Amino acid sequence: MAGGTEAFPDLGEHCQNPDCKLLDFLPFTCDGCKLVFCLDHRSYKSHNCPKSDHGSRTVSICETCSIAIETTGFDVEGIKSLLEKHERSGDCDPNKKKKQTCPVKRCREVLTFANNLTCKDCGVKFCLKHRFPTDHVCNKKTINNSGKSSRWNERFMEALSLRNEKGCGRGSSVSSRSPPSVRSF
């Protein structure tokens, strides 16, 4: 059956769905069965394509470690043997299944390589919201042998807390020394 019109006999094609046969000037060729269809019958489902899974990929998820394994072209028995082979290999690790979360109570932030910091005082990984010792219950486990803090930031925090206790800073009462006066010449 030739398509087109009298003036342009090679233009367009007829839909190859047996119930349609519509002359379509922009036909679609199915990549599975290689037949030509109109807009209404171009999908695999609408023309019952026998090769609908031609270019598709299938993936199975390991129950132990939650890793995705490509199983394209395998039948049910082949998929089972592929998953068993994966479990016997050293790649299947049950610890990978559960993602590490922030240990602070009621915080559900999943810790990734980019959003976690290890507390220098207690050595535990926290999300960015709870990275400071004041934001999480810090059990300062790392104590220096000399008894003094060796890290500059710890010394700074100690000095700042002592300063706040003495009443220095913005919210303090009037200090005993008056600020130096500025003379104009």
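All figures in this text were calculated on a predicted structure; none of them were measured in a lab.
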Mind listing the closest non-hydrogen atom pair of Leu83 and Cys62 along with its distance?
CD2-CA, 4.3 Å
Donor-acceptor side-chain pairing of Asn17 and His41 below 3.5 angstrom
yes
If you compare all heavy atoms of Pro133 against all heavy atoms of Asp121, which two are closest, and at what distance to 0.1 Å?
CG-OD2, 3.3 Å
So do the side chains of His47 and Cys33 get within less than 4.5 Å of each other, counting heavy atoms only?
yes
Test your reading of the model: is there a side-chain donor-acceptor pair from His130 to the backbone of Asp135, 3.5 Å cut-off?
no
Is there a side-chain contact between Thr29 and Asp31 (heavy atoms, below 4.5 Å)?
no
Test item: Lys21 side-chain N/O and Pro18 main-chain N/O as donor-acceptor pair under 3.5 Å:
no
Under the side-chain contact (heavy atoms from CB on, under 4.5 Å) test against Phe37, which residue among Cys20, Cys30, Ser43, Pro27 passes?
Cys30
Reported CD-to-CG distance for the pair Gln100 and Leu111, which is rounded to 0.5 angstrom:
5.0 Å
Starting at SG of Cys49, measure out to NZ of Lys34 and round the result to the nearest 0.5 Å.
9.5 Å
Look up atom CG in Asp40 and atom CZ in Phe28, then write down how far apart they are to the nearest 0.5 Å.
10.0 Å
Name the one of Asn116, Thr101, Asn115 that satisfies side-chain contact (heavy atoms from CB on, under 4.5 Å) with Val110?
Thr101
Steps toward side-chain contact (heavy atoms from CB on, under 4.5 Å) verdict (Ile69, Val59):
CA-CA 5 Å; Ile69 301 167; Val59 175; 5.8 Å; no
Any Cys119 side-chain heavy atom under 4.5 Å of Cys138 side chain
yes
Quick check for you: to the nearest 0.5 Å, what is the distance between Glu63 atom CD and Cys92 atom SG?
10.5 Å
So, do Ile79 and Ser60 sit near enough that their side-chain heavy atoms are less than 4.5 Å apart?
yes
Please report the closest heavy-atom contact between Thr118 and Lys125, naming both atoms and the distance.
OG1-CG, 3.5 Å
Do you know which two heavy atoms are closest between His136 and Phe126, and how far apart they sit?
CD2-CZ, 3.2 Å
The reported gap from CZ in Arg88 to CD in Glu84 (rounded to nearest 0.5 angstrom) is 6.0 Å
For Arg131 and Leu117, the nearest pair of non-hydrogen atoms, with its separation, is CD-CD1, 3.2 Å
Treat each ILVMFWY residue as a node, draw an edge where side-chain heavy atoms are under 4.5 Å apart, and state whether Leu22 and Leu39 are in one component.
no
Between Gln16 (side chain only) and Val36 (backbone N and O only), is there a donor and an acceptor less than 3.5 Å apart?
yes
Should Thr64 and Glu87 be marked as a side-chain contact (heavy atoms from CB on, under 4.5 Å) after you check the CA-CA gap, both sets of side-chain angles, and the distance that decides it?
CA-CA 8 Å; Thr64 309; Glu87 287 177 5; 3.6 Å; yes
